[in-house]
Amino acid sequence: KNLDLSSLKEDTRQDDYLLIGDASINFITERTTWACLMVDRACNSELIFGMENQKNDIHAAELLPYVKAMQALRHRHKQIGRYKLRLHIICDNSNVVAQYGKTAGFHTSGIWKEVLSYEVSHFDLYFEHALRRSNPLMKLVDSVCSALQNTHGELDDKVQSVCHRYSSAI
């Protein structure tokens, strides 16, 4: 769908993609669900989401939707041979945003290593913090993650209902 991004800062609209993501962890089942809304310069949007049945810490989980989006974008643009894409990443976890760009050992392992390898080869990244559920798009990805936690791995009526309810936002 086409989005109205007139409320965003002018420099945001210069990015190749705006990524708005969220994740949810059920510490009992060790299931991590994630959702990411990818918006291109023309304001076309695509919602991707999924789940992982593995133990993640909160920082790794919060990065998961962006890694999945980067994987999709890398594959999509690989055949075109384009320049590095500029990705503006909106995250509701202030610790993740603060950690980006620091040289702490935190970045040398796990999912941060994957994020930084994508940045070197494919993307220019810009992380920005936004409060949880602070706008309709943040509410959408948060609600999809919550709905996915209550499924058995399939796209059920609950997830479809969440997407339909927020479809006026996207």
For Asn93 and Arg132, run side chain to side chain contact (heavy atoms under 4.5 Å, CB included): C-alpha distance rounded to whole Å, both residues' side-chain angles, the deciding distance at 0.1 Å, then the answer. CA-CA 8 Å; Asn93 186 308; Arg132 183 174 184 256; over 6 Å; no
Using the side chain to side chain contact (heavy atoms under 4.5 Å, CB included) rule, take Ile89 and Tyr126 through it: C-alpha gap first, then chi angles, then the decisive distance, then the call. CA-CA 6 Å; Ile89 296 171; Tyr126 173 72; over 6 Å; no
Quick check: do [X] and [Y] have side-chain heavy atoms less than 4.5 Å from each other?
| X | Y | value |
| --- | --- | --- |
| Thr32 | Leu64 | yes |
| Leu63 | Val96 | yes |
| His75 | Met70 | no |
| Leu18 | Ile20 | yes |
| Leu125 | His88 | no |
| Trp34 | Lys68 | yes |

Can you see which heavy atom on [X] is nearest to which on [Y], and at what distance?
| X | Y | answer |
| --- | --- | --- |
| Arg31 | Gln149 | O-NE2, 3.1 Å |
| Val144 | Ala35 | CG1-CB, 3.9 Å |
| Tyr17 | Met38 | CD2-CB, 4.5 Å |
| Ala130 | Ile90 | CB-CG2, 3.6 Å |
| Cys36 | Pro65 | CB-O, 3.7 Å |

Could you check whether Arg133 pairs with Asp142 (Lys NZ or Arg NE/NH1/NH2 to Asp/Glu carboxylate O, under 4.0 Å)?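 Between Asp142 and Arg133 there is a salt bridge, with a charged N closer than 4.0 Å to a carboxylate O.
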Does a salt bridge link Lys84 with Asp124, judged by any charged N lying under 4.0 Å from a carboxylate O?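 Between Asp124 and Lys84 there is a salt bridge, with a charged N closer than 4.0 Å to a carboxylate O.
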Determine whether Asp92 and Met138 satisfy the following criterion, side chain to side chain contact (heavy atoms under 4.5 Å, CB included), listing intermediate values before the conclusion. CA-CA 8 Å; Asp92 68 0; Met138 297 291 288; 3.6 Å; yes
Please check this pair: side chain of Ser146 against backbone of Ser143, looking for a donor-acceptor N/O pair closer than 3.5 Å.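 Absent.
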Closer than 3.5 angstrom, by distance alone: can the side chain of Tyr66 be matched with the main-chain N or O of Val115 as a donor-acceptor pair?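 No, the answer is negative, given that no donor and acceptor are paired below the 3.5 Å cut-off.
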Using the side chain to side chain contact (heavy atoms under 4.5 Å, CB included) definition, which of the options Leu85, Val67, Leu73 pairs with Tyr118?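 Output: one option passes, namely Val67.
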With respect to Leu37, which candidate in Asp22, Leu19, Leu47 satisfies the side chain to side chain contact (heavy atoms under 4.5 Å, CB included) definition?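 Output: one option passes, namely Leu47.
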Working to the nearest 0.5 angstrom, can you tell me the gap between Glu128 CD and Ser94 OG?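 It is 13.0 Å, given to the nearest 0.5 Å.
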Take Gln71 and His122 through the side chain to side chain contact (heavy atoms under 4.5 Å, CB included) test and state the conclusion after the steps. CA-CA 10 Å; Gln71 290 170 347; His122 301 286; over 6 Å; no
